[in-house]
Amino acid sequence: MDFILEIDKSKNVFRQTYISDGSRKENDAEHSWHLAIMAFLLAEYANEPIDVLKVMKMVLIHDLVEIDAGDTYAYDSCGNETKKEREVAGARRLFSILPKDQEKLIWDLWEEFESGQTAEAKFARTLDHCQPVLLNDASGGRSWREHNVRREQIYGRNTRTHEGSEKVWRYVKGIIDKNIENGNIIQE
């Protein structure tokens, strides 16, 4: 119960991506919920057979460490230098609240997601990279414009996104290209 109450704090970790209507920024709890629904609905488009429940578990826990570490914007080069260290420290504190068997389960899922090597982790990471693109597009590219995001930043971040789902990546790539053409993403 202590862990359940502690993770409620993810509702107060705000990301740089706006919700689809552009009225406010999304929080980590909303992001994780959205990914879990996407995992269920888009599982048929995974490149390999996947355990959908495992993917849903991964996406629900993958950002809990940000309760302590804070959200690091995808294109924040300084913040990304210390991201892993901050997130591991957050994972240690947060996951240790659980009984040992559940602590190990959550650690294993989190590390599997982070490594991005299994079919489930690849698919989960594809969803994690594609969902902000969908929201940015829906909000008229607001976050991209505010941060002067460039084409090479987005494509650099997404070099492995196709590994989880070629079909989802093709769809999202079309959205990215459209936003480059309309000026929401800087082309250099």
Side-chain angles (χ1 to χ4, degrees), residues 1-20 24-74 80 83-136 138 143 157-158 160-161 163-165 167-169 171-172:
M1 292 300 181
D2 291 339
F3 180 81
I4 290 167
L5 285 174
E6 187 68 14
I7 65 172
D8 186 65
K9 293 177 180 176
S10 68
K11 296 174 185 173
N12 291 316
V13 179
F14 286 89
R15 302 165 51 80
Q16 291 302 307
T17 305
Y18 288 87
I19 62 173
S20 60
R24 65 175 174 81
K25 292 182 178 178
E26 165 188 61
N27 68 44
D28 271 1
E30 293 166 323
H31 171 68
S32 295
W33 163 83
H34 209 186
L35 295 181
I37 296 291
M38 289 173 68
F40 171 68
L41 294 175
L42 300 175
E44 67 186 274
Y45 301 109
N47 289 345
E48 305 171 65
I50 57 168
D51 177 340
V52 178
L53 181 57
K54 186 175 186 181
V55 173
M56 292 174 78
K57 289 176 186 178
M58 276 186 199
V59 298
L60 287 170
I61 63 103
H62 82 287
D63 277 343
L64 292 178
V65 298
E66 293 181 359
I67 290 169
D68 287 359
D71 178 61
T72 304
Y73 186 53
N80 278 300
K83 177 181 174 181
K84 185 68 174 176
E85 179 182 315
R86 289 182 286 114
E87 289 187 349
V88 168
R92 277 193 193 106
R93 185 197 70 80
L94 187 63
F95 300 164
S96 71
I97 296 170
L98 290 164
K100 292 298 177 196
D101 60 331
Q102 290 180 333
E103 178 184 9
K104 180 176 178 358
L105 174 66
I106 297 288
W107 260 109
D108 290 349
L109 284 168
W110 184 70
E111 287 179 332
E112 183 177 343
F113 175 88
E114 290 295 311
S115 71
Q117 299 302 311
T118 64
E120 287 81 11
K122 289 174 187 176
F123 188 66
R125 290 173 67 86
T126 293
L127 300 177
D128 188 41
H129 285 205
C130 290
Q131 185 259 7
V133 173
L134 297 174
L135 291 182
N136 261 298
S143 180
R157 174 174 161 72
N158 286 289
R160 296 186 58 202
T161 301
E163 292 178 6
S165 174
K167 289 181 181 177
V168 171
W169 171 240
Y171 180 82
V172 170

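We find the CD-CE distance between Glu120 and Met56 to be 13.5 Å, quoted to the nearest 0.5 Å. Here NZ of Lys25 is found 4.5 Å from OH of Tyr18. Values are rounded to the nearest 0.5 Å. In this structure, CG on Leu127 lies 12.0 Å from CD1 on Ile37, to the nearest 0.5 angstrom. Annotation: the span from Lys122 atom NZ to Glu112 atom CD amounts to 11.0 Å, rounded to 0.5 Å. Rounding to the nearest 0.5 Å gives a distance of 11.5 Å between CD1 of Ile97 and CD1 of Ile106. Of the inter-residue distances, the one linking Ser96 atom OG with Trp107 atom CH2 reads 9.5 Å to the nearest 0.5 angstrom.
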Passes side-chain contact (heavy atoms from CB on, under 4.5 Å), Thr17 versus Leu135? Steps please. CA-CA 7 Å; Thr17 305; Leu135 291 182; 3.6 Å; yes
Step by step, work out the side-chain contact (heavy atoms from CB on, under 4.5 Å) result for Met58 and Val55. CA-CA 5 Å; Met58 276 186 199; Val55 173; 5.5 Å; no
Mind running salt bridge (charged side-chain N to carboxylate O under 4.0 Å, His left out) on Lys9 and Asp28 for me, showing each step along the way? CA-CA 9 Å; Lys9 293 177 180 176; Asp28 271 1; over 6 Å; no
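A donor-acceptor pair is defined here as one N or O able to donate and one able to accept, closer than 3.5 Å; no such pair exists between the side chain of Asp71 and the backbone of Glu66. In this structure a side-chain-to-backbone donor-acceptor pair under 3.5 Å is missing from Ser32 to Ala29. Counting only distance, with no hydrogens or angles, the side chain of Ser20 and the backbone of Ala138 share no donor-acceptor pair below 3.5 Å.
When side chains are defined from C-beta on, Phe95 counts as touching Val65, because their heavy atoms get closer than 4.5 Å. Side-chain contact check for Ile4 versus Met1: some heavy-atom pair is nearer than 4.5 Å. In this structure the side chain of Arg15 reaches within 4.5 angstrom of the side chain of Asp63, judged on heavy atoms.
Using a 4.0 Å cut-off between charged nitrogen and carboxylate oxygen, Arg93 and Glu6 count as a salt-bridge pair. The residues Glu30 and Arg24 are annotated as salt-bridged, a charged nitrogen and a carboxylate oxygen being separated by less than 4.0 angstrom.
Lys84 forms a cation-pi arrangement with Trp110, by the criterion of a distance under 6.0 Å to the ring centre and an angle within 45° of the ring axis.
In this view, Asp2 satisfies the salt bridge (Lys or Arg N to Asp or Glu O under 4.0 Å) rule with no residue, not counting sequence neighbours. Applying the side chain to side chain contact (heavy atoms under 4.5 Å, CB included) test to Leu53 and every residue at least two apart in sequence or in another chain returns Asp51, Lys57. The ring pair (Phe, Tyr, Trp, His ring centres under 6.0 Å) search around Tyr73 returns Tyr75, His147, not counting sequence neighbours. Partners of Ile7 by side chain to side chain contact (heavy atoms under 4.5 Å, CB included), not counting sequence neighbours, listed by chain and number: Phe3, Leu64, Ile67, Leu94.
Taking every heavy atom of both residues into account, Ala121 and Gly116 meet most closely at CB-CA, 3.8 Å.
Defined by atom type and a distance below 3.5 Å, a donor-acceptor pair is missing between the side-chain atoms of Gln16 and Ser143. Arg86 and Thr72 share a donor-acceptor pair across their side chains, judged by distance under 3.5 Å alone.
Within the structure, side chain to side chain donor-acceptor pair (under 3.5 Å) pairs that include any residue of residues 124-136 comprise Glu26-Gln131, His31-Asp128, His31-Gln131, His34-Gln131, His62-Asp128, His129-Asn158, His129-Thr161 (at least two apart or interchain).
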List the atom pairs, with distances to 0.1 Å, where a side-chain N or O of residues 42-49 and a protein N or O form a donor-acceptor pair under 3.5 Å, not counting sequence neighbours.
| unit_1 | atom_1 | unit_2 | atom_2 | d |
| --- | --- | --- | --- | --- |
| Asn47 | OD1 | Glu166 | N | 2.8 |
| Asn47 | ND2 | His162 | O | 2.8 |
| Asn47 | ND2 | Glu163 | O | 2.9 |

